[in-house]
Amino acid sequence: MAGLHVRSVLVTGANRGIGLGFVQHFLRMPNPPQWIFAGCRDPKGQRAQELQNLASKHPNIIIIPLEVSDPASIKAAAAKVGERLGGSGLNLLINNAGIAKPCSLDNETPENMIQVYTTNTVGPMLMGQAFLPLLKKAAQGSPGSGLSCSKAAIINMSSYAGSIEDMYVWEFGQVVSYRCSKAALNMLSKCQSLAYKEHGILCITFHPGWVQTDMGGGGGSYKPPLTVDDSVQGMLKVLSSISEKEAGAFLDWEGKVVPW
Ligand code: NDP
């Protein structure tokens with residue numbers, strides 16, 4: 001990835017799906033990051049086995065216990081990452097962890113709405129706050145005045161399902177709590193991009209495509225069109241090329257602008 005050189009990256013929800021894909025792709029780069037912090041809410045659990053195996057072979061993967069719906073867990077993770085980084089900052093924060101509750105509008109519940117919002121929207125907001133000092137440090141330590149993902153960036157994993165203008169796959173699933181949480185995440189990303197620009201931090205929100213993961217529905221009767229590899233490769237290519245012009249943008253895995 002010619003245009004993307006990060007010394008450190010943190011991916012939330014890194015034990016499976018798109019998050020694990022990011023970890024694998026960072027490892028395969030010609031110049032892999034010195035630190036790949038892999039956030040995982042249950043590092044000893046069955047679902048973290050593949051990540052554990054990978055970490056046992058690659059000392060630059062550091063598994064960080066991280067439950068993004070728990071503010072104390074986020075604070076503890078920021079402290080651990082800061083300790084590991086010593087004096088240097090964090091270049092890239094990928095807020096990837098997310099949940100969806102398959103529900104029609106008729107069956108939607110307050111519990112779903114709150115749980116999904118807490119994970120998908122409040123989590124990335126708290127992550128941004130907690131990791132801001134480390135991201136600022138990375139930006140200060142990089143030469144040049146422009147914004148880039150190699151310098152310091154927050155990437156929020158949103159979804160086309162959060163677009164209000166273009167109600168993506170409504171017939172496939174209403175998933176109201178999920179759509180609302182991602183629409184709100186898009187607004188959060190815009191706010192972060194404005195507030196953090198002055199600190200040298202680039203913020204964008206991504207639609208990864210419809211991807212073959214547990215959430216994407218790879219195991220169901222309909223196979224999503226994209227593999228994790230294709231999606232992550234596409235997003236890394238986009239990340240390698242964006243600058244201040246794209247700050248606050250809602251882009252898909254190919255770099256196309258998604259309607260709000
Ligand atoms: P998966 O369901 O395959 O993986 C979700 C990941 O998030 C898991 O690692 C899971 O950990 C983690 N996670 C969930 N809740 C929490 C939490 N509270 N704290 C910490 N980690 C948590 O999803 P995908 O890989 O498909 O999705 C990744 C992101 O991409 C999500 O934000 C999703 O909304 C978005 N997206 C995905 C699309 C797709 O087609 N797949 C389409 C559009 C957007 P655990 O194993 O412990 O559950």
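Ligands are counted one by one from 1 in listed order, and the atoms in each one are counted from 1 as well. Sequential numbering from 1 along the given sequence is applied to the chain's residues.
One option in P208, S159, G13 has a heavy atom closer to atom 36 (N) of ligand 1 than any other, and that option is P208. For atom 38 (C) of ligand 1, the nearest non-hydrogen atom from the set G45, S69, G209 belongs to G209.
At least one heavy atom of N96 sits closer than 4.0 Å to an atom of ligand 1.
Interface atoms of ligand 1 facing G216, defined by a heavy-atom separation under 4.0 Å, are 39 (C), 40 (O), 41 (N). Which parts of ligand 1 touch G17 is read off a 4.0 Å heavy-atom cut-off, strictly below it: atoms 3 (O), 25 (O). Distances below 4.0 Å separate heavy atoms of L66 from the following atoms of ligand 1: 19 (N), 20 (C). Below 4.0 Å from some heavy atom of I99 lie the following atoms of ligand 1, by number and element: 14 (C), 15 (N). Heavy-atom proximity to W210, at under 4.0 Å, picks out these atoms of ligand 1: 40 (O). Near D214, meaning under 4.0 Å from one of its heavy atoms, ligand 1 places the atoms 3 (O).
Of the heavy atoms in T119, only side-chain atoms (C-beta onward) come closer than 4.0 Å to ligand 1. Contacts between Y178 and ligand 1 below 4.0 angstrom, taking non-hydrogen atoms only, involve the side chain exclusively. Contacts of M157 with ligand 1, taken as heavy-atom pairs under 4.0 Å, involve both backbone and side chain. Looking at K182 against ligand 1, only its side chain comes within 4.0 Å, counting heavy atoms. Residue contacts with ligand 1 for L20 are absent, since no atom lies close enough (heavy atoms, distance under 4.0 Å).
Given atom 35 (C) of ligand 1, the protein heavy atom at minimum distance is S158 O, 3.7 Å. Looking only at heavy atoms of the protein, atom 40 (O) of ligand 1 is closest to V211 N, 2.8 Å. Protein heavy atom nearest atom 46 (O) of ligand 1, with residue, atom name and distance: R16 NE, 2.6 Å. The nearest heavy-atom contact from the protein to atom 11 (O) of ligand 1 is N15 OD1, 3.5 Å. Atom 17 (C) of ligand 1 has E67 OE2, 3.3 Å as its closest protein atom, hydrogens excluded (heavy atom only). Given atom 24 (P) of ligand 1, the protein heavy atom at minimum distance is T213 OG1, 3.7 Å. What sits closest to atom 25 (O) of ligand 1 on the protein, heavy atoms only, is I18 N, 2.8 Å. Protein heavy atom nearest atom 21 (N) of ligand 1, with residue, atom name and distance: A97 CB, 3.5 Å.
Taking the six-membered ring for Trp and the full ring otherwise, the centers of W210 and F172 sit less than 6.0 Å from each other. Aromatic pair W253/F206: centroids not less than 6.0 angstrom apart.
Both F37 and V68 belong to a common hydrophobic cluster when Ile, Leu, Val, Met, Phe, Trp and Tyr are linked at side-chain heavy-atom distances under 4.5 angstrom.
D166 and Y160 share a donor-acceptor pair across their side chains, judged by distance under 3.5 Å alone. In the model, N96 has no side-chain atom that pairs as donor or acceptor with a side-chain atom of T12 under 3.5 Å. No donor-acceptor contact under 3.5 angstrom links the side chains of E165 and S163, judged on distance only. The closest side-chain donor-acceptor pair between Q233 and D229, if any, does not fall under 3.5 angstrom.
Heavy-atom contacts from other residues, nucleotides or ligands closer than 6.0 Å to CD of E50 number 12 or fewer. For M167, the CE atom sits in a packed shell: over 12 heavy atoms of surrounding residues, nucleotides or ligands are nearer than 6.0 Å.
The CG atom of D70 lies 10.0 Å from the NZ atom of K75; values are rounded to the nearest 0.5 Å. Residue I61 holds its CD1 atom at 4.0 Å from CG of L27, rounded to the nearest 0.5 Å. Rounding to the nearest 0.5 angstrom, the gap separating the NZ atom in K151 from the CG atom in L135 is 12.5 Å.
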- D214 vs R16, salt bridge (charged side-chain N to carboxylate O under 4.0 Å, His left out): CA-CA, chis, key distance, verdict: CA-CA 9 Å; D214 295 336; R16 61 189 169 99; 2.7 Å; yes
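Residue-to-ligand polar distances keep A14 apart from ligand 1: every N/O pair is separated by 3.5 Å or more.
Among the candidates I155, I94, V23, the single residue satisfying the side chain to side chain contact (heavy atoms under 4.5 Å, CB included) test with V9 is I94.
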